[in-house]
2 protein chains.
Amino acid sequence: MKNLIASVKIAINSQLYLKDPESSELGLKIVHKGIDLINSIGFEEFTFRKLGLEIHSPEASIYRYFESKHKFLLYLNAWYWGWMEYRLLLATSNVVSAEKRLEKAVFLMTEGVENDPNFHGVNLVKLQEIVVAEASKTFLNRKVDQANQDGAYQSYKDFVSNVASIIEEINPTYKYPCMLITTVVEGAHQQRFFAEHLPRLTNKQSKPHYLSKFYMDLVLKTIKSN
Amino acid sequence: MKNLIASVKIAINSQLYLKDPESSELGLKIVHKGIDLINSIGFEEFTFRKLGLEIHSPEASIYRYFESKHKFLLYLNAWYWGWMEYRLLLATSNVVSAEKRLEKAVFLMTEGVENDPNFHGVNLVKLQEIVVAEASKTFLNRKVDQANQDGAYQSYKDFVSNVASIIEEINPTYKYPCMLITTVVEGAHQQRFFAEHLPRLTNKQSKPHYLSKFYMDLVLKTIKSN
DNA sequence: ACAAATATGATAGTAATACTATTAACTTTG
DNA sequence: CAAAGTTAATAGTATTACTATCATATTTGT
């Protein structure tokens, strides 16, 4: 099993970095400690200078891997969705029932990482927290079209498209599969954030997996033909 | 009618400004031209210095009204949701059927402003575009708890709570009214953004009001008891 | 084994940002 | 019409988000 996992590499579009961070010790350190640092102080407060101090390397060395902190966030996001695609594949392959596959997909989209907290040395719990709190900043800005051309959202699109095809299997006449999926993904992220900071905007429950139950129920009811 | 509208003032928590911008010509100019400028160059590129050049007033004068550009965005957001509450009241008062009221609420949450494009000199179309593209930045940061204490999200919470009570009228046993409403509000904003920049993440349609139809269908099916 | 290529470290520098401070001129109000 | 408050004009600061340069390892091809 270990070997199988070790053979998987998350492919990232080379437009998102200047030098592949997986190609050197320093590069890996930048990514791993970068995740820790963004997770602990937030993306606005994060600077390459601070990261340089953490890893005892000059700021300028980090700029040799990533053009800007914005591109660094794009890279982390792309990595996350590449990893999610891999998880989706693992969770759904050999599952015959489309309903069961959809259920697994919704679970993946809405629940926090629990097991497998490390993968290639990446702290996935922290990475997921970063995606929940910061991912919308990867597209809500004026560089979005350029980033899109650079392939920054490719894995996310592929993930959505994979789940969409499960929905189409269940109800081929349903017209809004992608809308429904991104509503669930982005919604789940925001509800997790609201539960922690703005509870009156959500309905936090103590029962386990209430978020994925809410969204699973919503999805199943919505895609039913009337 | 004109008189009725003129008598309405959107109340904004005083923690969000240093000096009430509605109390002077300069204050109003800051808000009105600020909306224009953020709308045209985006919030990241927006600075008080640039706004100062637009209105031919020094940067420092703007700082007498707003502590920071972040607080300015909080102010605009609070104003928007105050106005939305007012619209919700107008649209639902004297409507007996809860279903009809819910429909109007979902329409308000998901559709663009069309008529009434000016209200107290504020360009509402541009303000709504700002909310769609930038509002998540008002809470996705480390100052969220402080901002919450300052009442920055009060009107948004009130709006959500008002719509939630309509849902409770229709189905008193439904457990997630607030989650459902914020999923719709934030979802609709993102889908509008995706339709323009990342079409593969949505299902854009040419038919009018497809967004509100999608979300209305989703809401009605979801709150049905099984 | 050793020159050449490549990666990193150390240091310095720059334009712009997000403010704060000060003082003078102008305007309103009691 | 003087006092109080508001705005203009200008200057200044720490930090950010980079870029540039050059020296010092380290790796690699032959």
Side-chain angles (χ1 to χ4, degrees), chain A residues 14-34 37-38 40-76 134 137-138 141-143 146-147 150 152, chain B residues 14-34 37-38 40-76 134 137-138 141-143 146-147 150 152:
Chain A
S14 67
Q15 297 290 109
L16 299 185
Y17 51 78
L18 296 170
K19 183 171 146 67
D20 184 1
E22 300 205 45
S23 72
S24 76
E25 282 303 311
L26 180 62
L28 290 169
K29 225 156 80 176
I30 289 169
V31 172
H32 298 161
K33 294 282 181 178
L37 189 56
I38 293 176
S40 89
I41 64 176
F43 186 66
E44 326 292 312
E45 294 301 308
F46 170 82
T47 69
F48 281 173
R49 195 166 131 64
K50 288 176 187 168
L51 178 55
L53 290 171
E54 283 290 318
I55 63 176
H56 309 291
S57 279
E59 197 183 7
S61 295
I62 302 170
Y63 277 102
R64 268 187 228 108
Y65 287 84
F66 296 100
E67 203 172 308
S68 65
K69 75 170 191 170
H70 182 244
K71 284 251 171 141
F72 185 53
L73 187 60
L74 290 178
Y75 177 90
L76 295 182
E134 323 281 4
K137 293 165 194 167
T138 63
N141 61 65
R142 305 276 150 153
K143 294 171 208 144
Q146 183 57 55
D150 291 347
Chain B
S14 66
Q15 297 291 107
L16 299 184
Y17 51 76
L18 297 171
K19 181 171 149 63
D20 185 0
E22 300 206 45
S23 72
S24 77
E25 281 303 310
L26 181 62
L28 290 169
K29 225 155 83 175
I30 290 168
V31 172
H32 298 161
K33 293 282 182 178
L37 189 55
I38 294 177
S40 90
I41 64 177
F43 185 66
E44 325 293 309
E45 295 301 309
F46 170 82
T47 69
F48 280 173
R49 196 165 130 61
K50 288 175 187 168
L51 178 54
L53 290 171
E54 283 291 320
I55 63 176
H56 309 292
S57 278
E59 199 182 5
S61 295
I62 302 170
Y63 276 102
R64 260 184 248 109
Y65 286 84
F66 296 101
E67 202 173 312
S68 66
K69 75 170 190 169
H70 182 245
K71 284 254 170 134
F72 185 53
L73 188 60
L74 290 178
Y75 177 90
L76 294 181
E134 323 281 4
K137 292 165 194 169
T138 63
N141 61 66
R142 304 276 151 155
K143 293 171 208 146
Q146 183 58 55
D150 291 347

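First the proteins, then the strands, lettered A, B, ... as listed; each starts at 1.
- Here E67(A) lies in heavy-atom contact (under 4.0 Å) with sugar-phosphate atoms only.
- Computed from coordinates, the Y63(A) OH to dT21(D) P distance equals 17 Å when rounded to whole Å.
- Considering only the side chain of S57(B), dA8(D) comes nearest among dT8(C), dT17(C), dA8(D).
- The NE2-P distance, from H56(A) to dA7(C), rounds to 23 Å in whole Å.
- Atom CD of E25(B) is separated from atom C1' of dT27(C) by 14 Å (rounded to the nearest Å).
- Spacing between atom CD of E59(B) and atom C1' of dT10(D) amounts to 12 Å, rounded to whole angstrom units.
- Taking atom NZ on K50(B) and atom C1' on dT17(C), their separation rounds to 10 Å, with Å as the unit.
- Side-chain atoms of R64(A) and base atoms of dG9(C) include a donor and an acceptor less than 3.5 Å apart.
- Looking at heavy-atom distances under 4.0 Å, Y65(A) makes contact with sugar-phosphate atoms alone, never a base.
- Of the listed nucleotides (dT10(D), dT16(D), dT7(D)), dT7(D) has the atom at the smallest distance from the side chain of S61(B).
- dC18(D) atom P lies 11 Å from atom NZ of K71(A), rounded to whole Å.
- Of the candidates dC18(D), dT17(C), dT11(C), dT11(C) carries the atom nearest the A60(A) side chain, counting heavy atoms from C-beta on.
- In this structure, E44(A) places its CD atom 10 Å from P of dA17(D), rounding to the nearest Å.
- With F48(A) as the fixed residue, the ring pair (Phe, Tyr, Trp, His ring centres under 6.0 Å) test singles out one of Y65(A), Y63(A), F66(A): Y63(A).
- The side chain of T47(A) lies closest to dT16(D) when the candidates are dT17(C), dG9(C), dT16(D).
- Contact check on K137(B) versus E44(B) returns a salt bridge, with a Lys/Arg side-chain nitrogen under 4.0 Å from an Asp/Glu carboxylate oxygen.
- R49(A) comes within 4.0 angstrom of nothing in the nucleic acid, heavy atoms only.
- One can place CD1 of I62(A) at 14 Å from C1' of dT16(D), the figure rounded to the nearest angstrom.
- More than 12 heavy atoms of other residues, nucleotides or ligands sit less than 6.0 Å from atom CZ of R142(A).
- Distance from the side chain of K19(B) is smallest for dT6(D) among the nucleotides dT6(D), dT20(C), dA8(D).
- Considering only the side chain of L26(B), dA8(D) comes nearest among dA18(C), dA8(D), dG9(C).
- K50(B) contributes a side-chain N or O that, together with a main-chain N or O of E45(B), makes up a donor-acceptor pair within less than 3.5 Å.
- For K69(A), whose side chain is taken as the heavy atoms from C-beta onward, the closest listed nucleotide among dA9(D), dA17(D), dA10(C) is dA17(D).
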- Show the numbers, then the answer: is there a side chain to side chain contact (heavy atoms under 4.5 Å, CB included) between K71(B) and Y17(B)? CA-CA 7 Å; K71(B) 284 254 170 134; Y17(B) 51 76; over 6 Å; no

